[in-house]
Each structure stands twice: as C-alpha cells, then as structure tokens.
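The structure appears right after this line, and notes come after that.
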There are 2 protein chains.
Amino acid sequence: MRKFATESDLTHIPAMKHALNQKPEYEKELRKAGVRITRPRRIILDILSSTEDHPDAMKIFHRAIEIDDSISLSTVYRTMNLLEDMGAIHRHAFNGGPSRFEQAHGDHHDHLIDIDTGAVIEFKSDKIEKLQEEIAKSLGYDIVHHRLELYARKTEK
Amino acid sequence: MRKFATESDLTHIPAMKHALNQKPEYEKELRKAGVRITRPRRIILDILSSTEDHPDAMKIFHRAIEIDDSISLSTVYRTMNLLEDMGAIHRHAFNGGPSRFEQAHGDHHDHLIDIDTGAVIEFKSDKIEKLQEEIAKSLGYDIVHHRLELYARKTEK
DNA sequence: ATCGGTGCAAAGCTTTTGCAAAAGA
DNA sequence: TCTTTTGCAAAAGCTTTGCACCGAT
C-alpha cells in the first residue's frame, strides 16, 4: 500500500495479495459461526484468497472444477451468499453485470474499472469519504455503506 | 435546486420535475435521429418525464398499460435501450437489482438511497467530482463515467 | 448418528430476440 | 409504399431452490 506523490489523499492499493494465507484464521471464524468446513468451501476460499481480480461466480466455478471437478455451480453461489452474509467477501455489480466478488480485507476501498479490459484497480480517498459523510449528514442520513466506481480509460500518451 | 447552508459544496436536487414538458423538444431530437415517434414511445417518454422516482422496466410497464393496455414489456425494454443509447436516460443498478431509469436532465448527479424505503435522493458535489478526477489522473486514467451511491438510513432524532 | 451441505435438475427473474403483423413517415 | 416498430412467445443469462444423497462433526 503506497502513497502517491500528489497533494491528494489518494491511496492506491496495488495488486494486493489480500492478506495472503489466512486460511486457518478464516476457518476458525467460520467454525465459530457454526459453519462446516467442507471440501468445496475450502477450495472456494482458497481461490478467493489467492486471486487478485474480482471474479464472478462462473469464473470461480471454472477455477474450482480444475481442482475438484465435482463442485457444482450452485455450491459456488451458495458459498458466495454465505460468505457475504458473514462479511467475509464483498459483492459488486459493475456495469450492472453479474456479481463479482472479492475477499473482504480490513480496510474499505473503492474501484476504478478499466472499461476496455474490465480490470479493476482499488483505491481509497479519505477526503472523499469525509465529504460523503458531510453530504449524508446534511440530508439527514447516516451512511450504512456506499459504492464509488470510476469507469475509466487509460490516458492517451 | 437549492444550496445547503453548510460549508460543503453540496447541491441537493430536490424532487425536481425533470425539465417538465419538454415532450416536443424530445420528439424533435428523436426524429432528428431517425427514430419514429410511436404511441408506445410517446407514452413511455411521458411516464419518464413526469415521474420523480427511478422506476424499473416492470414499473414503467405497469404505468404504461394503464394508459394503453396493448403495450408490451419488450417494447419497454427496447425503448429503454434506445433512449439510453441516445443519452436521453440513465440506467442504474442499485444494489445489483433490476435496472432503474431516470430521464437525463442536463447536470450530472449522484444518488443517496434510503435503505429502508428505497427512496432515492439526488445530490451533487463538485468537490468529490474534482477529487475523482485527480484520483483517476494519478492512476493514469481518464474517467468516462462514474457511479457514487450512498446507502443510508435516516438519522435517529 | 445427526444435521448441515452438496450435486443435480428444475424453476425464477430480468432481459433479449425471432418473427409475422401493424403502423409511422 | 417502405421500413421501422410492435406484440407475442420463446429463449437466454444469472441466480435460487427442492430434493435425495453425502459427509463433517
């Protein structure tokens, strides 16, 4: 996680291997919640914790069946719902397309989506967060969560 | 459109009857683009220009068949795609749900969604827009469009 | 041995599409 | 008249669900 040399408060979160290999930790938490650690779930958790992109269910499914070809797509969907409910992952609907997922690592961030490649860059701006709070407050609301997505194209050189 | 008495640059866009009754204007533009003004289209345009919410296709369809019960849902979808391509409406996918639409009136704005009622409040912050530009720039991108949604709950009194 | 989880197939929901008939220009 | 547009019904894409079997604890 590095700061950019601008006057802004932008934090770029570069190709972060999301807190890699916290598998045991995760399983502990899941067990505590009364969730069984099954083979499909372990595989899906592995995929999520080792990926750098924001795959959709189908993509996760394809990666999963390479490891165990008996896993079904329904299990992928069910597991994503379970993990989302537990707060272990976040769901996005970029462009209104199919849900894409990412492991929830501690700090919140927003997304810049490359409209040509679909690539996703994570970033964070405390200034924007603060402004959002101000806005909600002046409208008489408290923010529960928010979504900021920049759809962008690489600057022409 | 009124300014709030805060130090922020927030602009609230209150229950704006989106540039009401520009029907003739719209039709002119559509004709110019070689689009035929049909009965279903006129009805859908009417609905869009007179509504204050952000209806989805099904809601538009139901309002439409009250005026002309021969209109089909496919026509609603086709018309929404047409109008979106022409830039006459904007499409949103709040919460990843079905697309919801609003007539495009000149100025861009973002949305605060009341998570209890589904109500949508429009607002605009030049400061946030500017920060977004800075962020994209420092990541080597130009913003094509963006989406900022605040999911919020009314402040407890 | 329990009871939760899985795979499979079927269904659900939103959205798109093929086609013949209808209607703008 | 000549295309475009429509309605209908069917299909497509993503996601959920019912059910009987399987497997983690």
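Reminder, nothing fancy here: chain letters follow the sequence lines and each chain counts from 1. All values below were derived from every heavy atom in this structure, side-chain atoms included, with hydrogens, water molecules and symmetry-related copies excluded.
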How long is the line joining [atom1] of [X] and [atom2] of [N], in whole Å?
X: A:Ile43; N: C:dG7; atom1: CD1; atom2: C1'; value: 14 Å
X: B:Asp68; N: C:dA23; atom1: CG; atom2: P; value: 11 Å
X: B:Ile71; N: C:dA22; atom1: CD1; atom2: C1'; value: 15 Å
X: A:Ile37; N: C:dT6; atom1: CD1; atom2: P; value: 10 Å
X: A:Leu73; N: C:dA9; atom1: CG; atom2: P; value: 13 Å

Item to complete: Identify whether B:Tyr141 and A:Phe123 are in the same connected component of the hydrophobic contact network (ILVMFWY, side-chain heavy atoms under 4.5 Å).
Response: yes
Worksheet item: Considering only heavy atoms from C-beta outward, does the side chain of A:Thr75 approach that of A:Phe61 to under 4.5 Å?
Response: no
Worksheet item: Quick one: are A:Leu148 and A:Ile128 in side-chain contact, heavy atoms under 4.5 Å?
Response: yes
Item to complete: Give the intermediate values and the outcome of salt bridge (charged side-chain N to carboxylate O under 4.0 Å, His left out) for residues B:Arg39 and B:Asp68.
Response: CA-CA 9 Å; B:Arg39 183 161 163 70; B:Asp68 176 348; 3.0 Å; yes
Discussion item. Under 4.0 Å, counting only non-hydrogen atoms across every strand here, what does A:Ser74 touch: a base, just sugar-phosphate, or nothing?
Written reply: base
Discussion item. Which heavy atom of A:Gly96 sits nearest to which heavy atom of B:Arg147, and what is that distance?
Written reply: N-NH1, 4.3 Å
Worksheet, complete the sentence: In short, the helix from C:dA1-D:dT25 to C:dA25-D:dT1 is bent end to end, axes from five pairs each side, to 10°, by 30°
Worksheet item: In terms of side-chain geometry, is the basic nitrogen of A:Asp116 or A:Lys154 positioned less than 4.0 Å from the acidic oxygen of its partner?
Response: no
Worksheet item: Does the pair B:Asp53/B:Arg63 count as a salt bridge with the N-to-O cut at 4.0 Å?
Response: yes
Practice prompt. Report the residue from A:His54, A:Glu102, A:Glu149 that forms a side chain to side chain donor-acceptor pair (under 3.5 Å) with A:His92.
Written response: A:Glu102
Practice prompt. Assign the ring pair B:His109 / B:His111 to parallel, tilted or perpendicular, where the plane angle (0 to 90°) is split at 30° and 60°.
Written response: perpendicular
Discussion item. Could you check whether B:Arg41 and B:Thr79, counting side-chain N and O atoms only, form a donor-acceptor pair closer than 3.5 Å?
Written reply: no
Worksheet item: Using a distance-only test with no angle check, is there a side-chain donor-acceptor pair under 3.5 angstrom linking B:Asn95 and B:Arg100?
Response: no
Discussion item. Please enumerate all residues that pass ring pair (Phe, Tyr, Trp, His ring centres under 6.0 Å) together with B:His145, with sequence neighbours excluded.
Written reply: A:Tyr151
Discussion item. Could you work out, with ring pair (Phe, Tyr, Trp, His ring centres under 6.0 Å) as the rule, every residue matching A:His146, not counting sequence neighbours?
Written reply: A:His108
Item to complete: Kindly state which residues belonging to residues 55-65 of chain B come within less than 4.0 angstrom of DNA chain C, counting heavy atoms of the residue only, listed by number.
Response: none
Practice prompt. Strictly below 4.0 Å, heavy-atom distances to any atom of DNA chain C: list the hits from residues 76-92 of chain A, or just say none.
Written response: A:Arg78
Worksheet item: When you list every nucleotide of DNA chain D with an atom under 4.0 Å from a heavy atom of chain B, which one comes first 5' to 3', and which comes last?
Response: D:dT3 to D:dA9
Worksheet item: Would you say C:dG24 has OP1 or OP2 under 4.0 Å from some side-chain N or O of B:Arg39?
Response: no
